[in-house]
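As a basis for the values below, the full set of heavy atoms in this structure was taken, side chains included, without hydrogen atoms, waters or symmetry mates. We count ligands from 1, going down the list as the structure has it; atoms in each ligand are counted the same way. Residues: numbered from 1 along the sequence shown.
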Amino acid sequence: MTDFWWKSAVVYQIYPRSFADADGDGMGDLRGIINHLDHLAELGVDVIWLSPIYTSPQDDNGYDISDYRDIDPLFGTLEIFDELLRGVHERGMKLIMDLVVNHSSDEHAWFAESRSSIDNPKRDWYWWRPAREGMEAGTPGAEPNNWGSVFGGPAWEFDQKTGEYYLHLFSTKQPDLNWENPEVREAVYDMMRWWLDRGVDGFRMDVINMISKDVALPDGRIKAGSLYGDGSDAYINGPRNHEFLREMHERVFAGRPGMLTVGEMPGVTVDEAKLFTDQSRGEVDMVFQFDHVWADRGDDPWLLVPLKLTVLKGILGRWQAGLAATGWNSLYWNNHDQPRAVSRYGDDSPEHRVASAKMLGTVLHMQRGTPYIYQGEELGMTNYPFASIADFRDIEALGQYAQAIEFEGRTPEQVLTVLRARGRDNARTPMQWSAEAHAGFTTAHPWLPVNPNYLSINAADERDDPDSVFHYYRRLIELRHTEPAVADGDFTMLLPNDERLYAFTRRLAGTELLVIGNFTAEPVRADIPDAAAWSSAELLLTNLATPPGDDLTLGPWQAVVYRR
Ligand code: TEU
């Protein structure tokens with residue numbers, strides 16, 4: 001039996017606006033989630049993570065919160081939320097909320113006060129600075145430093161009323177909260193306790209490695225071809241990051257067993273993650289690292305770097321090894337910020353989509369760590385065929401596109417090529433429930449178009465088909481629950497230099513598992529020690545009708561899990 005419940009758990013992420021629309025406005029809502037809880041219970045997941053549902057102007061689809069203690073009317077009410085929580089708990093699942101406290105909305109009452117005057121008591125709750133020395137406030141280049149925002153443009157917005165600038169690492173409607181101020185921290189902890197008292201089981205913490213900044217806010221290096229400086233050295237894992245998380249843990253989670261905390265941490269290193277997730281330090285249970293989702297990205301953001309399997313294995317293998325003894329990994333292929341896994345790492349053609357989606361699931365779920373499934377991944381949903389920039393709704397895609405075309409001399413086709421491959425809206429098209437109109441997501445006009453492939457990729461068909469991606473994911477989850485070596489076993493990478501096969505073993509006491517995934521559409525022989533013996537071991541799971549023969553030759557996109 002494992003020491004922490006979440007080591008044998010699987011988490012399912014819901015992006016509420018795209019999950020299920022019950023009130024007929026074209027946008028998903030809480031009632032829609034309630035109506036589909038049995039889908040998740042049947043899949044067998046242990047935890048649901050809800051992307052933000054709080055009151056929000058929806059500038060960044062809810063990651064800009066104007067009231068942390070209420071539900072946005074788009075999604076429902078606190079009463080409906082309580083009903084959802086009961087429904088989740090009745091089915092033996094847990095629910096974690098998205099905690100977005102690096103920034104609030106500019107429409108939050110805190111910010112309204114803060115911007116109202118220089119001597120307002122909440123002035124210091126955000127990062128206000130005068131214009132750069134010797135420059136006239138509000139003129140081009142007079143920003144307090146040279147940082148660019150993630151969504152394009154400078155990271156500073158000039159506020160006419162008080163003649164100062166506020167910092168926003170994301171959109172202008174997402175001012176960064178000043179965690180240096182203890183009142184800010186106490187307000188956040190109080191709000192978190194309020195949700196836990198309501199019955200929620202923990203939090204996924206948005207960009208939680210950006211909450212501590214070097215208070216000098218120094219200029220960053222300007223990379224070739226870029227307009228702005230990269231300030232990340234000053235705001236990624238800043239000087240007080242660990243201190244703040246330890247304080248949060250003490251003030252919020254102490255004496256509340258059964259919780260789950262996962263910190264989203266772009267740019268986190270293995271060594272830092274070991275500290276963040278070392279249980280004896282009391283910070284968070286696990287983190288989302290980004291190395292493997294950045295593996296197809298080079299220095300130039302508008303070039304696609306072809307993904308090499310050896311690079312991917314090198315990255316994930318390093319994370320497996322680094323957190324083997326201390327700390328814990330979270331495992332994910334995609335989420336609401338990433339393209340669809342099967343389109344990025346597999347083959348989404350009709351011929352290989354199902355096999356490659358199952359293979360990817362196998363390779364991820366059989367690793368050591370807590371797997372996260374993003375809605376629709378369990379159906380093998382794919383990227384969307386975006387024709388032009390007019391098809392995108394995401395503030396990141398639109399902001400970066402404008403900056404690249406207008407100021408950085410890129411061509412629309414170059415930028416579109418990258419957005420088609422990596423744009424966040426790929427993940428945000430509506431969940432494909434059935435072959436009915438709008439994929440059964442809504443009876444109205446959906447806020448983002450449904451992928452036209454919903455006639456052949458949808459939950460209703462997959463639940464009826466024992467060979468579907470859905471039922472395969474169900475078995476992967478079941479295996480984590482029933483085979484202790486999956487949750488607790490150690491991890492050994494095999495064939496690190498092979499460009500075609502992802503192979504590893506998991507070992508616990510007298511049990512050993514062998515996992516192999518073929519990342520190509522060709523048959524490939526697995527040249528591993530003991531191949532013949534393994535080929536006659538118990539085959540726990542495979543995604544093709546024909547098992548590999550004695551020489552362990554895997555078919556196109558085949559995955560196998562053997563036990564001995
Ligand atoms: O994302 C953090 C983050 O680093 C993103 O910028 C991400 O790397 C990028 O969008 C990938 O293209 C979190 C949330 O998950 C995201 O949805 C929010 O937009 C962002 O924070 C701001 O809250």
Residue from Trp333, Phe288, Trp6 passing ring pair (Phe, Tyr, Trp, His ring centres under 6.0 Å) with Tyr372
Phe288
Sub-4.5 Å side-chain heavy-atom contact between Tyr345 and Leu307:
yes
Listed pairs under 3.5 Å, donor-acceptor, residues 397-406 side chains, sequence neighbours left out:
{"unit_1": "Gln400", "atom_1": "NE2", "unit_2": "Val150", "atom_2": "O", "d": "2.9"}
{"unit_1": "Gln403", "atom_1": "OE1", "unit_2": "Gly153", "atom_2": "N", "d": "2.5"}
{"unit_1": "Gln403", "atom_1": "NE2", "unit_2": "Glu408", "atom_2": "OE2", "d": "2.9"}

Fit a plane to each ring of Tyr374 and His336, take the angle between them on a 0 to 90° scale, and name the class: parallel (under 30°), tilted (30 to 60°) or perpendicular (over 60°).
tilted
Taking side chain as C-beta onward, heavy atoms only, is Ile33 less than 4.5 Å from Phe75?
no
Protein neighbours of ligand 1 with a heavy atom under 4.0 Å, given by chain and number, are Asp60, Tyr63, His103, Val150, Phe151, Phe170, Gln174, Arg204, Asp206, Val207, Glu264, Pro266, Phe290, His336, Asp337, Glu396, Arg424, Arg428
Give me the ring orientation class for Phe392 and Phe386: parallel if the planes are under 30° apart, tilted from 30 to 60°, perpendicular past 60°.
parallel
